[in-house]
Amino acid sequence: MASKGTAALEAMIEEATVDAYGDDEQLTGLFTMIEEHLAVPFTTTVLGVEVTVRTIDLTANTIVALCARGHHRQRIGLLDLPLPTPPPDGAGWIDAYRHWAGR
């Protein structure tokens, strides 16, 4: 999963959550960093099917990727989204989010 070491991920989390109080604000801080740095759109494979990640979104308690294939659309939790090889620019923030979430 993570190409970055634990210390680097924790530094990224600290940067994203420096002024955050509680999990909700920390999640918002991480979402903001992902939204600013993740290069979208990009393609990845979900359950053997190639999809395009168009954007990301913040729900009540998680960050989701808005995926598309043809006219079909599906939200997939960023914690469960397989990343392509090589990962898109800014994917280190997804690693930081996963580390923060305990994955």
Audit row: W100, L27, side-chain contact (heavy atoms from CB on, under 4.5 Å) steps and yes/no = CA-CA 9 Å; W100 173 82; L27 181 64; 4.0 Å; yes

Could you go through the side-chain contact (heavy atoms from CB on, under 4.5 Å) check for F31 and V64 one step at a time?
-> CA-CA 10 Å; F31 168 74; V64 297; over 6 Å; no

Is there a side-chain contact (heavy atoms from CB on, under 4.5 Å) between L78 and D80 once you walk through the steps?
-> CA-CA 5 Å; L78 210 51; D80 299 318; over 6 Å; no

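Across all their heavy atoms, V46 and P82 have their closest contact at CG2-CD, 4.2 Å. Residues R73 and A68 approach most closely at NH1-CB, 3.3 Å, considering heavy atoms. Counting all heavy atoms, side chain and backbone alike, A101 lies closest to L79 at CB-CD2, 3.8 Å. Looking at every heavy atom in both residues, C67 comes nearest to I76 through SG-CD1, 3.9 Å.
L38 has its side chain within reach of P88: a pair of non-hydrogen atoms, C-beta onward, lies under 4.5 Å apart. The side-chain heavy atoms of M33 and T17, taken from C-beta on, include no pair separated by under 4.5 Å.
In terms of hydrophobic clustering, with Ile, Leu, Val, Met, Phe, Trp and Tyr side chains grouped at heavy-atom distances under 4.5 Å, L47 and L81 are assigned to a common cluster. Under the 4.5 Å side-chain contact rule for hydrophobic residues, L66 and V40 do not share a cluster.
Here the CD1-NE2 distance, from I94 to H99, works out to 15.5 Å after rounding to the nearest 0.5 Å. A distance of 11.0 Å separates CD1 in I63 from CZ in R98, rounded to the nearest 0.5 Å.
A39 pairs by the side chain to side chain contact (heavy atoms under 4.5 Å, CB included) definition with D89, not counting sequence neighbours.
Among pairs with a residue in residues 6-17, none fulfils salt bridge (charged side-chain N to carboxylate O under 4.0 Å, His left out), at least two apart in sequence or across chains.
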N/O donor-acceptor pairs under 3.5 Å from side chains in residues 50-62, not counting sequence neighbours:
residue: D57; atom: OD2; partner: R75; partner atom: NH1; Å: 3.1
residue: T59; atom: OG1; partner: T62; partner atom: N; Å: 3.3
residue: T59; atom: OG1; partner: T62; partner atom: O; Å: 3.0
residue: T62; atom: OG1; partner: Y97; partner atom: OH; Å: 3.1

